[in-house]
Number of protein chains: 2
Amino acid sequence: MDKMYKENNLSKNQQIIFDLIDKSSEPLKAYTILFSVQKKGIKAPPQVYRALDKLVETGKIHKIESKNAFVACRNSNCEISKATAFSICESCEMVDEINDDKLTKYLTNFSDKKGTKYKRFNLEFFGLCKKCK
Amino acid sequence: MDKMYKENNLSKNQQIIFDLIDKSSEPLKAYTILFSVQKKGIKAPPQVYRALDKLVETGKIHKIESKNAFVACRNSNCEISKATAFSICESCEMVDEINDDKLTKYLTNFSDKKGTKYKRFNLEFFGLCKKCK
DNA sequence: TTTAAAATTGTTATAATATAACATTATGTA
DNA sequence: TACATAATGTTATATTATAACAATTTTAAA
């Protein structure tokens with residue numbers, strides 16, 4: 001092959017899957033993604049999971065742990081997923097990334113009773129979004 | 001049957017599974033639990049998951065979302081799992097519940113840019129525990 | 001520009017996590 | 001008692017994720 005896909009830094013499968021997640025207004029699950037990209041030649045779970053792993057690793061997407069689903073990063077400050085926070089609507093399932101410098105600073109600097117600091121955190125808030133209230 | 005198991009408020013299966021989790025020094029996964037309690041007559045996944053659901057619901061245990069595993073609640077202040085925080089060692093996998101009034105207050109009172117407050121949160125910190133440092 | 005290492009892809013099979021659905025028994029309370 | 005609710009037992013299956021291996025593409029160094 002001669003036309004390479006590296007204007008940016010994503011491989012073909014990574015780009016396809018990132019685009020899908022990035023355009024989505026809601027978190028996408030791995031198998032939902034799989035079904036959506038089968039027409040593009042991505043046919044098996046490992047292809048999806050490998051792309052997801054890489055995208056998470058590079059901070060392009062985040063995993064919403066409580067939902068086993070993935071969203072595109074909307075926060076230029078989250079520094080490769082070291083400090084993530086989300087609001088999750090318990091009614092409509094909507095997820096928003098929270099980008100709040102004070103919160104990030106507070107948690108990044110948090111040290112527990114033994115004085116231990118942590119290099120990474122993930123915070124998930126649950127409640128009702130504006131629409132659902 | 002005439003001997004009832006209600007000095008406390010847990011049913012038989014709930015008590016068996018809670019005891020196991022409570023005694024464990026590490027988070028337990030559902031199928032690990034299943035294998036451990038088969039000798040006590042709990043033979044199928046739904047029995048385990050139902051007990052886990054109930055125990056989570058009542059705040060006796062918490063689910064560590066990033067590990068799909070369960071720990072006993074060590075925090076009398078977490079009010080039925082409305083405000084949970086954990087430290088997770090990336091090396092030895094140890095999990096500790098964080099019981100920090102200031103942190104709880106800060107997050108319970110947190111409101112996002114739209115002024116929305118949330119009724120529940122779960123926070124997971126990742127790093128190295130004292131032993132692994 | 002060859003070439004070797006690293007990254008990515010493709011593929012099959014299977015492991016691990018979780019729930020649906022239905023029948024039955026036990027428990028709490030009017 | 002007798003009715004509603006909760007808990008249990010059971011089979012089957014859905015959902016989420018990885019192991020293992022072969023092949024190709026990309027990167028970057030010689």
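Below, read A as the first sequence line, B as the second, and so on, with proteins coming before strands; counting in each chain starts at 1. In this text, all values refer to a predicted model and were calculated from it rather than measured experimentally.
- Within the 4.0 Å cut-off from OP1 or OP2 of dA6(D), not a single side-chain nitrogen or oxygen of Asn13(B) is found.
- In this model, the phosphate group of dA16(C) is not approached by any side-chain N or O of Asn68(B) to a distance below 4.0 Å at OP1 or OP2.
- Atom-to-atom, CD of Gln15(B) to P of dT27(C) comes out at 14 Å; the value is rounded to the nearest Å.
- DNA chain D is contacted by no residue of residues 18-37 of chain B, taking any non-hydrogen atom closer than 4.0 Å.
- Remark: side-chain polar atoms of Asp22(B) are not paired, donor with acceptor, to backbone N or O of Phe18(B) under 3.5 angstrom.
- By the 4.5 Å heavy-atom criterion applied to side chains, Ile88(B) and Tyr118(A) are not counted as neighbours.
- Summarising the geometry, the separation between CD on Gln14(B) and P on dT5(D) is reported as 18 Å, rounded to the nearest angstrom.
- Nucleic acid contact for Lys67(B): none, since no nucleic acid atom lies under 4.0 Å from a heavy atom of the residue.
- One atom, CG of Asn9(B), and another, C1' of dG28(C), lie 14 Å apart when rounded to the nearest Å.
- Under the 30°/60° scheme for interplanar angles, the aromatic rings of Phe125(A) and Phe110(B) are found to lie parallel.
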Before giving the answer on side chain to side chain contact (heavy atoms under 4.5 Å, CB included), spell out for Leu55(B) and Leu10(B) the whole-Å C-alpha distance, their side-chain angles and the decisive distance to 0.1 Å.
-> CA-CA 9 Å; Leu55(B) 290 166; Leu10(B) 297 182; 3.8 Å; yes

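- The side chain of Lys12(A) contributes an N or O atom lying less than 4.0 Å from OP1 or OP2 of dG10(C).
- Comment: Glu90(B) engages Lys119(A) in a salt bridge, judged by a side-chain N to carboxylate O separation of less than 4.0 angstrom.
- Of the side-chain N and O atoms in Ser11(B), one or more sit less than 4.0 angstrom from OP1 or OP2 of dT8(D).
- Residue Glu65(B) holds its CD atom at 10.0 Å from NZ of Lys63(A), rounded to the nearest 0.5 Å.
- Using a 4.5 Å heavy-atom cutoff, the side chains of Ile21(A) and Ile17(A) are in contact.
- Taken residue by residue, residues 39-55 of chain A places heavy atoms nearer than 4.0 Å to DNA chain C at Lys43(A), Ala44(A), Pro46(A), Gln47(A), Arg50(A), Lys54(A).
- Thr116(B) places none of its side-chain heavy atoms less than 4.5 Å from the side chain of Leu128(A).
- Under the 4.5 Å side-chain criterion, counting only non-hydrogen atoms from C-beta, Asn122(B) is not in contact with Arg120(B).
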